[in-house]
Amino acid sequence: MSDPMKPTLLVVDGHSLAFRAFYALPVDSFTTRDGQHTNAIHGFLSMLLLLLANEKPTHLAVAFDKSRVSFRTREYEEYKGNRGETPVEFKGQVPILQEALQAMGITVLEKDDYEADDLLATLATRGEASGYRVLLVSGDRDTIQLVDDEVTLLYPNSQGVSQLKRYDTAAVIERYGIRPEQYPDVAALVGETSDNLPGIPKVGEKTAVKWLGLYGDLDGILEHADEIKGVVGQNLRDHREHAVRNRKLNRLVRDVPLDVELDALESKPIDLEAIRPIFERLEFRTLMERITKLVTGEASAAAAAPVPPVATDQPAPEAPKAARAVGDELAAWLERAVAAEPAGLGLHLEVLDGRVIGAGVATRTETLEVQWQPGRAELAPFEAWLASAAPKIVTDAKGQLKALQRSGLAFDGLVVDPLVAGWLIRPNLQEKNLSDLVERYLGERVPEGDPAQLVPAEDEASGPPELAWFSARLAPAVLAAMSEGTRRVLADVEMPLVPVLAAMELRGVTVDHAQLAELSTSLGERAAALAASAYAEIGREVNLGSPKQLQEVLFDQLGMPKTRATKTGYSTDASALADLQDSNPHPFLGLLLEHRDATKLRQIVDALDKSIAADGRIHTSYGQIGAATGRMSSNDPNLQNIPIRTEEGRRIREAFRHGEDFAELLTADYSQVEMRIMAHLSGDPGLIEAFNAGEDLHRFVGARVFGVEPADVSPLMRTKVKAMSYGLAYGLSAFGLSKQLRIDRAEATQLMKDYFERFGAVRDYLRGVVEQAKVDGYTETIFGRRRPFPDLNSPNRVLRENAERAALNSPIQGSAADLIKLAMSRTEQALAGAGLRSRMLLQVHDELIFEVAEGESEQVEQIVRDAMAHAADLLVPLDVQIGRGASWDDAAH
DNA sequence: CCTCGAACGTA
DNA sequence: CGTACGTTCGAGGG
């Protein structure tokens, strides 16, 4: 192995790589406005940037062929003679590429009479002699002969140029069965059609390698040519001069007279300003970003990066070498570690195909590696520790807990998931993974296996012990950065929830494929019929899913008045179409709306159908750190946005069923949680009374607002008040209210005025939230969850007002999220504690869905109702509505 | 190939 | 000119 401290010389065959990029990337999509093709340049530079980032060469050069003629063409004039004319689209790119490279401060080499590969050979030879580690990048197989202990070849695979295969001596032997220096002999025998160099007929790689094994080298083979039997033997004798000639031509020249010294190839920092004009001309925006990132280590010049709380220039401690132990030794290690770290040990599980195959355990100074397989008695101490309440720190624990459960391993004692903790501190999803956290809270970097999979260097990547070690050290740093309230939310709300979510995801929910398939077909037929009618109305076929094409139809062809402006034109959304239908009735509009409905539903149905797993169930993933307010999200697929408002939509919910071993689904939802939270937070006596009266909320509020008896509140009054109440929590304006209720501005303003007159504390509270947040810089939920609002004092009005509305909403939405999260952990606990088989499956913000076992219905209802209603003690009661049925739809109430 | 915006489903 | 999400599609740029 080569010494990592050596300087690294990277030499790239510019021509062959650019040429590969040219064919790998579509030319017509890489063309600037003025018609310059850039695919080869782009592909090449993209690959080069990846190489620079990953290999960090100390010295660097890119070699090009000077022309198509070289000493080889003089030697054998048919050499490369079968190659067609180089495409002009490619030719024109080479000088520009060279210009760009020079602007980047990279030495470009070319030499009359030689090919780029000869320059690679020469530099590799010189570099090795001067004590460099050499990396060559070329798409020409002849460069394989240059590989040795200090010279590694990176060779593009068939996919293109972004993935390079690393050939060191071992890799060459593995791939070809011969040593690198023998490769030219093989190539000589086999020939190279692309260079117009025929070899020995019927001799391929296998035969050539076999002969080399028998006779050592090409000379040996030719000496013994007479001994080789059969047609191939005869062919060898007949065409031996081919092999001799090929061998002569494919020997790379290792002493090209180059008037450049290696020292001069030292990598210089890239001057961003020098390359900017060229990149702008080539319209390389993302490449410019990548270079900027490479040079500055920052995302971009524009986004002002927050200053990390930890200085990054102190020396980072080295990860300790992982111990390995089994049996008594393992038990002793764990015992000592547990005693040494009362706050918890770091744990990181290695997962393959959803199962545990290994683990790393760590204190802040020591690590242990465990290779886990089921049924190994000597690992019992590890399993016992996992199952115990001994405190554990696991970053991004949910997925690992799932693997544990799949592998039949019991787990307890999760005290900190630094990822969740980090999110509580900065809920706007700044730190998305362990490595982000390590950078922010420890000021270090997690050594990574190459994310772009370009030549992964395994010895550098962090394994489970290192990751566990980072977690162990991260936890105290993250906890120290949390407020006391936030730490409480972590301990009381979030950590207990992690295993619950893992369990829910594993359970999944049964979905009836046949029902979905039937729905899909009928929706598809309806969509097709509606589309046909719509086309008939306008006399042509357009893509009804394309807002752009719709704009042509509506505003140009049908001459309708322009709707709300969007960035790309005019809105064609449902409300805009409804407005048009009012002003300019046209059958096309109705058909379009119905078509949208049908295709949207079908899309949902098809997506659901596709995500039904082999067990007949859909296993969504919950994003615990999904929303800044504290809510969860659901994805793959999203089960939190299954239609309910329309009849057709509800038919989708009919497809959600209880499993075979269960008797029914049970849904439990909080009624009007957000209004109840508002009542609690504002302390408004009127609102509190409304909830304590146990009467229909909107009727009660309507009676107050309109000054009538509750019995005299008309449906219209109730609707208005309901919209108003719900809008409050979102920072609704009179304008928005008037639009939603389709009433005029004056009426909306009056409604708001009347409302606030009766419920003044609500208005005061909402105002106070924003004012307080402007001072503090954050809002807080009932339970202490914080959300920062940096834009509240922004001079930009749009930004500021957006932040104000979000701030107003945050404690309400966030407190509701806290409530149901608490209720979930309690419910899970209580169901298990009561020894019931019934189990929680889904969460949809204010609703929980359970699968109930035969005979457990009453008990489950009791437990769920109790856990949800008493998740917190508010100034108003929490009302829980329960429904049961064979399907999700039936279970609705 | 990737990113963006529009549209739309839920609470 | 109402918050919070995730998904899908078409379009556009690289």
Side-chain angles (χ1 to χ4, degrees), chain A residues 24-33 37-39 41-43 45-46 160 162 279 282-289 427 543-551 564 566-577 593 596-597 599-604 606-608 611 620-621 623 626-646 649 652-653 669-670 673-674 723-724 726-740 745 748 787 797-798 801-814 816-817 820 843-847:
Chain A
L25 301 173
V27 67
D28 48 333
S29 45
F30 284 90
T31 305
T32 63
R33 263 181 287 275
H37 297 305
T38 59
N39 59 339
I41 307 172
H42 189 279
L45 291 177
S46 172
S162 63
F279 276 46
L282 297 172
E283 298 168 11
F284 288 170
R285 232 186 47 217
T286 51
L287 276 185
M288 191 66 211
E289 289 255 330
N543 185 341
L544 296 175
S546 162
K548 197 174 169 215
Q549 296 183 33
L550 287 177
Q551 287 173 45
R564 173 175 63 86
T566 66
K567 280 192 182 172
T568 51
Y570 300 95
S571 174
T572 65
D573 69 14
S575 79
L577 294 179
L593 281 168
R596 278 233 182 106
D597 260 14
T599 49
K600 175 77 183 177
L601 283 174
R602 186 157 99 113
Q603 185 187 296
I604 291 173
D606 290 348
L608 285 176
S611 47
T620 186
S621 301
T629 51
R631 270 194 181 175
M632 305 200 301
S633 63
S634 155
N635 59 29
D636 291 316
N638 183 355
L639 293 187
Q640 291 180 324
N641 71 344
I642 304 303
I644 189 171
R645 288 172 200 195
T646 63
I652 299 178
R653 290 188 174 222
D669 63 59
Y670 280 121
V673 246
E674 300 203 342
M724 171 83 207
Y726 276 112
L728 277 180
Y730 300 143
L732 186 68
S733 63
F735 176 88
L737 185 64
S738 72
K739 223 175 72 168
Q740 194 195 325
R745 282 284 285 281
R787 177 178 177 193
R797 208 183 86 182
V798 179
E801 291 183 345
N802 284 340
E804 285 174 1
R805 285 189 299 273
L808 188 104
N809 171 260
S810 245
I812 299 168
Q813 195 184 116
I820 197 159
Q843 189 252 40
V844 190
H845 307 308
D846 66 355
E847 175 186 17

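Lettering of chains follows the sequences in order, A, B, ..., and the numbering in each one begins at 1.
The phosphate of C/dT3 has OP1 or OP2 within less than 4.0 Å of a side-chain N or O from A/R805. Close to C/dA11, at under 4.0 Å from its OP1 or OP2, lies a side-chain N or O of A/S546. Listed pair A/N641 / C/dC5 fails the phosphate criterion, with no side-chain N or O lying under 4.0 Å from OP1 or OP2. Remark: A/K548 is in phosphate contact with C/dG12, judged by side-chain N or O atoms under 4.0 Å from OP1 or OP2.
Across all strands, A/G545 comes closer than 4.0 Å only to sugar-phosphate atoms, never to a base (heavy-atom distances). When heavy atoms are screened at a 4.0 angstrom cut-off, A/A607 is found touching the sugar-phosphate backbone but no base atom. At a threshold of 4.0 angstrom between heavy atoms, the contacts of A/A816 with the nucleic acid are absent. Residue contacts shown for A/K567 are limited to sugar-phosphate atoms, with no base heavy atom under 4.0 Å away. Nucleic acid contact class of A/Q549 (heavy atoms, under 4.0 Å, all strands): sugar-phosphate only. Within the nucleic acid shown, A/R787 comes within 4.0 Å of sugar-phosphate atoms alone, with no base atom in reach, counting heavy atoms only. If you check every strand for non-hydrogen atoms under 4.0 Å, A/S571 touches sugar and phosphate atoms only. Contact annotation for A/A817: no contact, since no heavy-atom pair falls under 4.0 Å across all strands. Using a 4.0 Å heavy-atom distance criterion, A/S810 is classed as making no nucleic acid contact. Within the nucleic acid shown, A/D636 comes within 4.0 Å of sugar-phosphate atoms alone, with no base atom in reach, counting heavy atoms only. When heavy atoms are screened at a 4.0 angstrom cut-off, A/I644 is found touching the sugar-phosphate backbone but no base atom.
For the pair A/L808 CG and C/dG2 C1', the interatomic distance rounds to 10 Å; values are reported in whole Å.
In the set C/dA11, C/dA4, C/dG2, the nucleotide with an atom closest to the side chain of A/S733 is C/dG2. Nearest nucleotide to the A/Q740 side chain, out of C/dG14, C/dG2, C/dA4: C/dG2.
For the P atom pair drawn from B/dG5 and C/dC1, the interatomic distance equals 16 Å after rounding to whole Å.
Taking 4.0 Å as the cutoff to heavy atoms of chain A, we find the contact window on DNA chain B bounded by B/dG5 to B/dA11.
Contact between A/L737 and A/A748 at its shortest, heavy atoms only, is CD2-O, 4.0 Å.
Side-chain contact between A/I820 and A/H845 is absent, with no heavy atoms from C-beta onward closer than 4.5 Å.
Taking A/S733 as the reference, A/F735 meet the side-chain contact (heavy atoms from CB on, under 4.5 Å) condition, with sequence neighbours excluded. Every residue meeting the side-chain contact (heavy atoms from CB on, under 4.5 Å) condition with A/A806, not counting sequence neighbours, appears here in chain and number order: A/R787, A/F789.
Here the side chain of A/T620 pairs a donor or acceptor atom with the backbone of A/P637 at under 3.5 angstrom. The closest donor-acceptor contact from the side chain of A/T38 to the backbone of A/I41 lies at 3.5 Å or more, if one exists at all.
Applying the side-chain hydrogen bond (donor to acceptor under 3.5 Å, both in side chains) test between A/Q640 and each of A/R631, A/Q843, A/E847 identifies A/Q843 as the sole match.
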task = Mind running side-chain contact (heavy atoms from CB on, under 4.5 Å) on A/K548 and A/T568 for me, showing each step along the way?
result = CA-CA 8 Å; A/K548 197 174 169 215; A/T568 51; over 6 Å; no
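In terms of polar N and O atoms assigned as donor or acceptor, the side chain of A/Q603 never comes within less than 3.5 Å of the base of C/dT8 in a complementary pairing.
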